[in-house]
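Model, not experiment: these values are computed from the prediction. Proteins get letters first, then strands, A, B, ... in listed order; numbering begins at 1 in each.
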Amino acid sequence: MITIPYLTALTTYFSYGLLFAFGQLRDFFRKIFDWWSHNSLQGYAPICLGLEDFYIRRLYLRIQDCFNRPICSSPDAWFDVVERVSNDYNKTLKRTTRVDRCLNLGSYNYLGFAAADEYCTPRVIESLKKFSASTCSTRVDGGTTTLHTELEECVANFVGKPAAVVFGMGYATNSAILPVLIGKGGLIISDSLNHNSIVNGARGSGATIRVFQHNTPSHLEKVLREQIAEGQPRTHRPWKKIFVVVEGIYSMEGELCQLPEIVSICKKYKAYVYLDEAHSIGAVGKSGRGVCDLLGVDTADVDIMMGTFTKSFGSCGGYIAGSKELIEFLKHSCPAHLYATSISPPAAQQIISSIKVILGEDGSSRGAQKLARIRENSNFFRSELQKMGFEVLGDNDSPVMPIMLYNPAKIPAFSRECLKRNVAVVTVAFPATPLLLARARICISAAHTREDLIKALEVISRVGDMVGVKYFPAEPKKQQLEGEGIKTD
Amino acid sequence: MANLYVRAVMPTDLNRNTEWFTYPGVWTTYILILFFSWLVVLSVFGCSPGIAWTVVHLSHFVVTYQFFHWKKGTPFADDQGIYNRLTWWEQIDNGKQLTRNRKFLTVVPVVLYLIASHTTDYQHPMLFFNTLAVFVLVVAKFPHMHKVRIFGINADQ
């Protein structure tokens, strides 16, 4: 549930209408101009229909300098952002040699493994020397090294399932696994805010897709009952299988999934649960084991657990964890296992070492410290932002916090002003988010110190005042003094 | 006015091109844009209010016909072209007919027509053009016209 000030909603619609109108006007004149000038490619069909890339050409390219910023150092708490200049109003951008040292509030670096780590990096370099940078083969041909088997055991242990299989790319894990698990005659019920990889995988599978309202177990039950009663479209035969796909932490909202209720509903109606823990594995939970640990759900109740290593482990790749029979089946039939290159050995070693650090098996308590630090950092940052009057989404303990901007003009204003003050934030607009709900998404890391967070808060507060995104009234400091006065009485 | 908040529930519409229409504030913005364009026409042309309403009605007809009933597809490529054969009107609410949004959008041209004809005292030739415009718009929004292409106009190759 997002609370929008009414006037902001009206002005946002008006702004988008104006941008759309100007874009159409420019397209109209461009069409006339092109019809006049001679085109050398006669008789060829256009690569894309004029309407299809309207958003990219007329809205996205205008504020292109806020996205895709190149960096030239590792994405630690502070990193180097390359400056770019444009001579033709942001249609093309050129890199300069100037570099800014900025505070990193955009990388998925939840536990601080993104930069050199004292335990992980020496071992990664050793495995690079021993196994070289790539296996140059698929898993079934010659790409399964001892590292890969060790990694799969390690991941299965960490997640709490009997077996796991690991792939080289997180997006490809979702989009290649869903077509293998379910086909025509099956039903996929997915949350309305699921990630693009799940949507692509579901579309590619050929199953019927139904959507339930974001994080609302009662609506999920309603959709399940309706669909089970109706059966397959047109033939009305019973469904072959039903999958309910949810995510652990939703990356654009920072909200935790209501897993206990959803799992109990799925058990009641005998549907399989597919949990995508891309953002929550390693970052939440007492020992970092993800959203099942945090919410107290038995991992045996979740049928398929998927996750990626990009966020908390400082590596790349994705995994699927489940029962031994499921993993055997996937290893025999999943195209990402049979035809795609296996995960790079140094990346695999990084995951193994980081899991050891998180579990404390390297002999120090750094893992527990990191987990405590990210929880403290997230809660501190979120409560301070809310006190200042920003509209921040997400639950407590979640390291992802989107600050709502709404108006399309505030997106580049916020982004550029923060960059001028050496704070790098990621702003997200349509079509990754709904049209009205543009936001700046902040990802807190265990590598951020208290001073970093205080500096970030000062900059964001200053920029928020300038841009006008403090939609809620700020908590006055006088209230705290009054409260203390009452206590001493 | 600054403290008036609305709650937005995430809609279950996967089509990003049309789901913005389900959020609060759209209807008010639409009506306010029409009202302000009437004021703009009045100030720019300095004509009588009736002529201004006629101008607003006819330009509303051109704009909404072009964007709701002529242009097909979505302005971005993320959805891999599954809506490329459908106009915006056929896409909203996932093709379900007679929803609240559709009824609202059908009523607006009719109300505009009544205002325009009343303020011009039902004189020709404004009455003729206004009637033609509202007739075309309302017929295009009938449930029976869903995915119908008369004489192959605007059909795909």
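Heavy-atom distances place no part of A:L59 under 4.5 Å from chain B, backbone and side chain included. Interface remark: A:S190 contributes no atoms to any contact with chain B (heavy atom separation under 4.5 Å). With a 4.5 Å cut-off on non-hydrogen atoms, A:L436 touches chain B through its side chain but not through its backbone. There is no contact between A:E391 and chain B, counting heavy-atom distances below 4.5 Å. Heavy atoms of A:L193 lying under 4.5 Å from chain B belong exclusively to its side chain. Looking at A:R58, there are no atoms closer than 4.5 Å to chain B (heavy atoms on both sides), in backbone or side chain. Using a 4.5 Å cut-off between heavy atoms, A:N215 makes no contact with chain B at all.
Considering every non-hydrogen atom in both B:E19 and A:P434, the closest pair reads OE2-CB, 3.1 Å. B:Y5 approaches A:P473 most closely through the heavy-atom pair OH-CD, 3.8 Å. Here the shortest heavy-atom pairing between A:E52 and B:N84 reads OE2-ND2, 3.8 Å. Taking each heavy atom of B:P24 and A:A9 in turn, the nearest pair found is O-CB, 4.0 Å.
Within 6.0 Å of CZ in B:R149 there are more than 12 heavy atoms belonging to other residues, nucleotides or ligands. In this structure, A:I32 places its CD1 atom where more than 12 heavy-atom neighbours from other residues, nucleotides or ligands lie under 6.0 Å away. Other residues, nucleotides and ligands place no more than 12 heavy atoms under 6.0 Å from the CD1 atom of A:I47.
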Margin query: Go through it in stages, so that I can follow the logic: the residues are B:R16 and A:L435, the test is side chain to side chain contact (heavy atoms under 4.5 Å, CB included), and I'd like the CA-CA distance, side-chain angles, deciding distance and then a yes or no.
Written below: CA-CA 8 Å; B:R16 284 280 154 87; A:L435 186 74; over 6 Å; no
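Annotation: side chain of B:W20 is not in contact with side chain of A:Y16 (no heavy-atom distance under 4.5 Å). By the 4.5 Å heavy-atom criterion applied to side chains, A:F430 and B:F76 are counted as neighbours.
Heavy-atom neighbours of chain A within the stretch residues 26-40 of chain B, taken at a separation under 4.5 angstrom, comprise B:V26, B:T28, B:T29, B:L32, B:I33. Identified by a heavy-atom distance below 4.5 Å to chain A, contributing residues of residues 112-142 of chain B are lacking entirely. Residues of residues 56-70 of chain B having a heavy atom under 4.5 Å from any heavy atom of chain A, listed by number: B:F67.
Contact count versus chain A (heavy atoms, under 4.5 Å) is highest, among B:G25, B:G73, B:P75, for B:P75. Annotation: maximal heavy-atom pairing with chain B below 4.5 Å, among A:Y60, A:F20, A:F212, occurs at A:F20.
Residues satisfying the side chain to side chain contact (heavy atoms under 4.5 Å, CB included) criterion with B:R7, sequence neighbours excluded, are A:M1, A:T3.
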